[in-house]
Amino acid sequence: MTPGLLISAPSSGSGKTTLMLGLLRALRDRGLMVQPLKSGPDYIDPAFHTAASGQASRNLDSWAMSPAMIAGLADAPGADLVLAEGSMGLFDGVAKPGEAGTGASADVAALMGWPVVLVIDVSGQAQTAGAIARGLAGFRAGVTIAGVVLNRVASPRHEALVRVGMAEAGVIVFGALPKQASIAVPERHLGLVQAEEHPALEALITQAAALVRERLDLEALLAAAAAHPAQTTRTTRVRPPGQRIALARDAAFSFVYPHLLDGWRKAGAEILPFSPLADQPPDPSADTCWLPGGYPELHAGALAAADSFRTGLRAFADTRPVHGECGGYMAMGAALIDKDGTRHRMAGLLGLVTSYASRKMHLGYRQATLLTPIPGHAEASRLRGHEFHYSTIIDQPDPALALVTDATGASVPETGSYRLHPGGGRSTGTYFHLIAEAS
């Protein structure tokens, strides 16, 4: 296996993504091929990874994926290094394990044998940071802390004090980064702004890489990389929803897990992108249409005015299956009400009406047992996915698509819905984004 490292932290907001982007570009500039990965169900970070490294990033998820799938997706033949970015804090996950763990980044590190590089935000502390690092290092057997990168260091004196604490804790320091707001990645309500929306993405990555080269011991960091995965089979097999898949793909519909697209192609399916925002209908030669999640609420007016898209989608759905996830599901409904209370007409394949006028966060892993088929998955299939949105269902007159529970087994009211059409077509939608079929 290619040697690897997991970039993690004690908590969100510590600077993992900035360090990850700087490392990917700095190592690429040295002529190394680095395979980026993301632990957890995040859509945004992999696109930033890809921009920084020149290699397509993909997600690993220990709650939703089997060990064999994680091992298969982590395999990187030809790469010099695998660099995975964690999510939240190193050991943060759900209470009830799923396919290979709780969803914690530490699960993936333990499974793949990747040492962990901790990013510690040392603002407001000094020697105490050593105690935090030492505590994390001893928390779980099978997880190795290679060392730390200090972030948001205020001054040389501050750095020296923190290094004293790390030395007392017996923790290696790979380097220290000063607080530098100009390379902070902007955020919006569902997380980071998408890579293609960032007005100065290349400048941000270049600046982060320069800081990494100047402030980190890259040789020591590379020497710490390792891999000794648990003995398990490897697979990346994914069931495609059709042979020719019309895939909505633009600023409103961009949330598709890279491993799904790769899996569809490896299974022999052809993907035919189209843009609802450009008023394009799905390709009439396709046998399935897939509407991913994204930010339809930011483009509700444009979608409401996209008559060719709506007419073409309705004609397609009369005879063939159409499936939507989260934002795509909302766009298939009767209407979307934006944060200002304005009602926008949607495609009308389902009776769903959703609203952002009264925001409420819905977040977490989902397991669904299908009550009716969706493209690629038969009735009674058990699917694992993730839900993250702020919209509220105002009306859902169609039958429930699935029995849905959260990671604890508690019932979730967002069941998805479906409708059969006169020509034999089937419209289905879920609020959760599919990650994998449960084993």
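- For the residue pair Ser417 / Tyr329, a side-chain donor-acceptor distance below 3.5 Å is found, with atom types taken as modelled.
- Side-chain N or O atoms of Asn151 include none that pairs as donor or acceptor with a backbone N or O of Val119 at under 3.5 Å.
- A side-chain hydrogen bond (donor to acceptor under 3.5 Å, both in side chains) check over residues 311-323, counting only residues at least two apart or in different chains, returns the pairs His323-Thr428.
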Let's go through His362 and Val412 carefully: what are the C-alpha distance in whole Å and the side-chain angles of both, what is the deciding distance for side chain to side chain contact (heavy atoms under 4.5 Å, CB included) to 0.1 Å, and is it a yes or a no? CA-CA 10 Å; His362 303 261; Val412 173; over 6 Å; no
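- Between Arg213 and Asp29, at least one side-chain N (NZ, or NE/NH1/NH2) sits under 4.0 Å from a carboxylate O, which counts as a salt bridge.
- With 3.5 Å as the limit, one finds no donor-acceptor pair spanning the side chains of Thr342 and Asp340.
- The backbone N or O of Gly40 lies less than 3.5 Å from a partner atom in the side chain of Asn59, making a donor-acceptor pair.
- A donor-acceptor contact shorter than 3.5 Å links the side chain of Arg244 to the backbone of Ser285.
- Counting only distance, with no hydrogens or angles, the side chain of Ser53 and the backbone of Pro36 share no donor-acceptor pair below 3.5 Å.
- Glu437 contributes no side-chain N or O that, together with a main-chain N or O of Ser381, makes up a donor-acceptor pair within less than 3.5 Å.
- Looking at Ser391 and Tyr431, their side chains do bring a donor and an acceptor atom within 3.5 Å of each other.
- Between Asp406 and Lys96, none of the side-chain N atoms (NZ, or NE/NH1/NH2) sits under 4.0 Å from a carboxylate O, so this pair counts as no salt bridge.
- With 3.5 Å as the limit, one finds a donor-acceptor pair spanning the side chains of Ser62 and Asp107.
- When only modelled atom types and interatomic distance are considered, Arg426 and Thr372 share a side-chain donor-acceptor pair under 3.5 Å.
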